[in-house]
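Bear in mind that the values here come from a model prediction, so they are computed numbers and not experimental data. Chain letters run A, B, ... following the sequence lines, proteins first and then strands; every chain starts at 1.
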There are 2 protein chains.
Amino acid sequence: MVTIGDVARAAGVSRSTVSYALSGKRAISDETRRRIDDAIRNLGFTPHAGAQALATSRTKVVGLMLRFHEDEFAPAMLQYVLPVSDTARELGYDILMVTDADGAAALRRITGAGKVDGLVLLDVTHDDPRVAALRGAREPGVLIGLPSDTEGVDVFDLDFAAAARTLVNHLHALGHRETILVTPPEDVFSRGAPYSWRFRDAVVGHARTLGMTVHAHYGEARQPGIAHSLHAILDAHPGATAMVVHNDGSVAALPMVLHEHGVRVPHDLSVVSLYSHDFGRTFALPYTAVETSPDELGRLAVDLLVRRMAGGRAEGERLGPPGVNLIPPRLTDRGSTGPA
Amino acid sequence: MVTIGDVARAAGVSRSTVSYALSGKRAISDETRRRIDDAIRNLGFTPHAGAQALATSRTKVVGLMLRFHEDEFAPAMLQYVLPVSDTARELGYDILMVTDADGAAALRRITGAGKVDGLVLLDVTHDDPRVAALRGAREPGVLIGLPSDTEGVDVFDLDFAAAARTLVNHLHALGHRETILVTPPEDVFSRGAPYSWRFRDAVVGHARTLGMTVHAHYGEARQPGIAHSLHAILDAHPGATAMVVHNDGSVAALPMVLHEHGVRVPHDLSVVSLYSHDFGRTFALPYTAVETSPDELGRLAVDLLVRRMAGGRAEGERLGPPGVNLIPPRLTDRGSTGPA
DNA sequence: CTGAAAGCGCTTACAG
DNA sequence: CTGAAAGCGCTTACAG
């Protein structure tokens, strides 16, 4: 392989001068810089990442910790992976994608080995063991998803409680008084996925204060169960005039199910949901919904992470302490709601 | 950070002994090994990956090169990512996920910097610039997808020509003589995605030898265009008794479209497709189809890659030269075809 | 069965 | 504006 020493020799300078030319950390004469640039180009030199990591304790890699759960809809997860990856590259970082079943152990492994400068934790649960592991690491990390204990960590998430109120208010204003709520599958609640609890509790609680009835049902994780359960839920509540769907698999299947069921939207039933613009486009979903903004969340998270990684102590103080960032819900009206 | 020197001091041995205890490359007395293990555990030692990479020229990282194209269905791509990631971890490798727009430059960047020991190229196109870049790299690589020039590279892919013949034969045996073929979007062909050309050419060619008529149409890339185009295609060929769908977005939308269109399967129309078991389950697809086996392809590719990375020259010769591996199509009958 | 030492390819004070 | 040298944390011949 071609090393910095080869470049130095070809350019007739010392290795330190090549290094400084590369990093820009001190002034180099035009003539010297030209010779170095030529040598680098001619030899096709790229600094050895391992040697740089050893010398600087920086890897220019961020770890992306995620899991593909059986009970979650994979296309939805992907929505978060892409903006994280794209933003990291724009800012000069590569992505180490870690999908180990034991996320906490994997986190300790890659930070212990100094493989990454920082971490993005996706799909964080209420009692996520990765969060404690992150606190024990030297590297900064950002979470997407809100755990119970947010001490010392940066969190980005949608404000699910506000999203619930927005949707319930929307239906209430149209005169709906009895609504169905399709939640994520039961396993998602058991696992402690905070979005499931936060949204359901807020829907049920806010509806109560408005005097609305809510029939909450778990969605299913997999087809064909998803469709079967939706049919059964619709049959069980003939009096309901509205439906709130908080489950990616269910909302993707809903157009087909409603069609089969002979239910017209919004004439027979008003439907609202939560999903991203891209998800809606992929599945041709015509429902009025709160935008979940995976793109924005991913970008914000990586932006902050990179600033935290870059900063020494001074920078850290300028950034302020870690904290929770809930982005407000934005309702996109797609015409799937009408008067009760 | 805790280094191998700290462990050596705590265990009362030399650093080399600790290193050998870790690698198992020479015999260590039980007593010494016990003291080293204790020290490692007490201190929480993990070897520094950068230092190891520098000393050994091995990173234990595999680069996964992929792109999310606007005109491809993201959930389908994910099918390949998971088995690659899982298999790599089982074999002791982490995954560097690279999604740069310029894949060839990214490949040169990460190999030049010695960030990976090997590469998996996903979604390889006919004239993929990444393949030439791979040939210029020291690191071995495997392709998923068949490029025009396969010299010196390992390739894994479904045998799309055989898949086409299997499906056409299946329809022909049932008496179908006029069939619709929905191909990937036109852009996928322009980009040179080999699966698009290979499958379409084989369907059209084989049907001709059997005396069947094929109406080939491009599918659309995005909703709601996907559904609109399917409706239009169905209207255009009232005499067709069968449909072959080779487009992930279209097949996912098809149940809804056929339902809206009042077409019963297989009574009014026999439908066959290509998709994986998981994909079919996610979208509740009831169609007889050739299994695309992303799981098997991903596993086979990484298995071979790891063996190539492990091997010195001797191992390389034992493995045989690089080559093309096309896995045979397996038809899963889901009852969506009947007599013409 | 174990140790002392060279070397992997960088970066960065230190010195001029 | 530039260079000589130490040091980052490992591995591995070499020697015993």
Side-chain angles (χ1 to χ4, degrees), chain A residues 1-37 39-40 43-61 109-117 138 310 312, chain B residues 1-37 39-40 43-61 109-117 138 310 312:
Chain A
M1 81 171 301
V2 29
T3 74
I4 200 171
D6 300 326
V7 174
R9 198 170 316 115
V13 297
S14 72
R15 298 188 303 152
S16 57
T17 298
V18 176
S19 178
Y20 283 116
L22 245 24
S23 69
K25 286 189 180 171
R26 77 181 183 191
I28 307 280
S29 72
D30 287 354
E31 165 61 10
T32 300
R33 177 175 296 282
R34 200 190 48 68
R35 291 212 312 277
I36 291 173
D37 288 349
I40 288 175
L43 298 172
F45 169 70
T46 313
H48 186 277
Q52 276 184 320
L54 182 57
T56 63
S57 298
R58 299 204 161 277
T59 62
K60 300 297 267 179
V61 175
R109 179 172 61 78
I110 65 170
T111 56
K115 283 200 159 187
V116 298
D117 295 339
R138 276 181 315 282
Chain B
M1 80 170 303
V2 30
T3 73
I4 200 171
D6 300 326
V7 174
R9 199 170 315 118
V13 298
S14 72
R15 298 188 302 152
S16 56
T17 299
V18 177
S19 178
Y20 284 116
L22 245 25
S23 68
K25 287 190 181 172
R26 76 181 184 193
I28 307 280
S29 72
D30 287 354
E31 165 60 11
T32 301
R33 176 176 297 282
R34 199 191 48 69
R35 290 213 312 276
I36 291 174
D37 287 349
I40 288 175
L43 298 173
F45 168 70
T46 313
H48 186 278
Q52 275 184 320
L54 183 57
T56 63
S57 297
R58 299 205 162 275
T59 62
K60 300 298 266 179
V61 175
R109 179 172 62 77
I110 64 170
T111 56
K115 283 201 157 186
V116 298
D117 294 341
R138 275 181 316 283

Query raised in the report: Separation of A:Lys60 atom NZ from C:dT11 atom C1', in whole Å?
Result: 15 Å
Query raised in the report: Checking salt bridge (Lys or Arg N to Asp or Glu O under 4.0 Å) for the pair A:Asp6/A:Arg9: CA distance, chi angles, key distance, verdict?
Result: CA-CA 5 Å; A:Asp6 300 326; A:Arg9 198 170 316 115; 3.4 Å; yes
Query - Between D:dC1 (C1') and A:Glu31 (CD): distance, integer Å - result: 13 Å
Query raised in the report: Can you check whether B:Arg34's main-chain N or O pairs, donor with acceptor, with B:Asp37's side chain at less than 3.5 Å?
Result: no
Query - Under 4.0 angstrom between B:Thr17 side-chain N/O and C:dC1 OP1 or OP2 - result: no
Query - Closest contact, heavy atoms only, B:Ser57 versus B:Asp117 - result: O-OD1, 4.3 Å
Requested in this report: Indicate whether OP1 or OP2 belonging to C:dG9 is found under 4.0 Å from a side-chain N or O atom of A:Gln52.
Outcome: no
Query raised in the report: Between B:Val13 and B:Ser57, who's closer to the 5' end of DNA chain C by nearest nucleotide?
Result: B:Val13
Query raised in the report: Starting at the 5' end of DNA chain C, what dot-bracket string do you get if Watson-Crick and G-U pairs under 3.5 Å are bracketed, crossing pairs use [ ], other-strand pairs use | and unpaired bases use dots?
Result: |||.||||||||.|||
Report summary line: On DNA chain C, more 5' by nearest nucleotide between B:Ala55 and B:Ser29 is B:Ser29
Query raised in the report: Taking CG from A:Leu22 and P from C:dT11, how many angstroms apart are they, rounded to a whole number?
Result: 7 Å
Report summary line: Atom CE of B:Met1 and atom P of D:dG9 are separated, to the nearest Å, by 6 Å
Query raised in the report: Hey, does B:Ser19 reach any base, or is it just sugar-phosphate, or nothing, if we go heavy atoms under 4.0 Å?
Result: base
Query raised in the report: Where the side chain of A:Lys25 is defined as all heavy atoms beyond and including C-beta, which of D:dT2, C:dT12, D:dT12 is the nearest nucleotide?
Result: C:dT12
Query - From CD1 (A:Ile4) to CD1 (A:Ile40), nearest 0.5 Å - result: 8.0 Å
**Report entry** Rounded distance (Å) that lies between atom P of C:dG7 and atom CD1 of A:Ile4
**Finding:** 19 Å
Query raised in the report: In whole Å, what is the span from the NZ atom of A:Lys115 to the P atom of D:dG9?
Result: 18 Å
N/O contacts under 3.5 Å, protein versus nucleotides 14-16 of chain D?
none

Query raised in the report: Does B:Ser16 get its side chain close enough to the base of C:dA5, under 3.5 Å, for a donor-acceptor pair?
Result: no
Report summary line: Rounded to the nearest 0.5 angstrom, the NZ-OG distance for A:Lys25 and A:Ser16 is 13.5 Å
Query raised in the report: To the nearest 0.5 Å, what is the distance between OG1 (B:Thr46) and NZ (A:Lys115)?
Result: 11.5 Å
Query - Which atom of A:Thr3 lies closest to which atom of A:Phe45, heavy atoms considered - result: C-CE1, 3.5 Å
Query raised in the report: According to a strict under-4.0 Å criterion, is B:Thr3 in side-chain N/O contact with OP1 or OP2 of D:dG9?
Result: no
Query raised in the report: Atom CD1 of A:Ile36 and atom OG of A:Ser29: how far apart are they, to the nearest 0.5 Å?
Result: 8.0 Å
Report summary line: On a heavy-atom basis, the closest approach of A:Ala10 and A:Leu43 is CB-CD1, 4.1 Å
Requested in this report: Describe the nucleic acid contact of A:Thr32 in one word from base, sugar-phosphate, nothing, applying a heavy-atom distance below 4.0 Å.
Outcome: sugar-phosphate
Report task. Report the distance from atom CG of B:Leu54 to atom C1' of D:dG9, rounded to the nearest whole Å. Result -> 9 Å
Query - Separation of D:dC1 P from A:Arg34 CZ (nearest whole Å) - result: 16 Å
**Report entry** Whichever of B:Pro47 and A:Asp30 has its nearest DNA chain D nucleotide further upstream toward 5'
**Finding:** A:Asp30
Report task. Could you walk me through whether A:Arg26 and A:Thr17 pass the side-chain contact (heavy atoms from CB on, under 4.5 Å) test, one step at a time? Result -> CA-CA 9 Å; A:Arg26 77 181 183 191; A:Thr17 298; 4.2 Å; yes
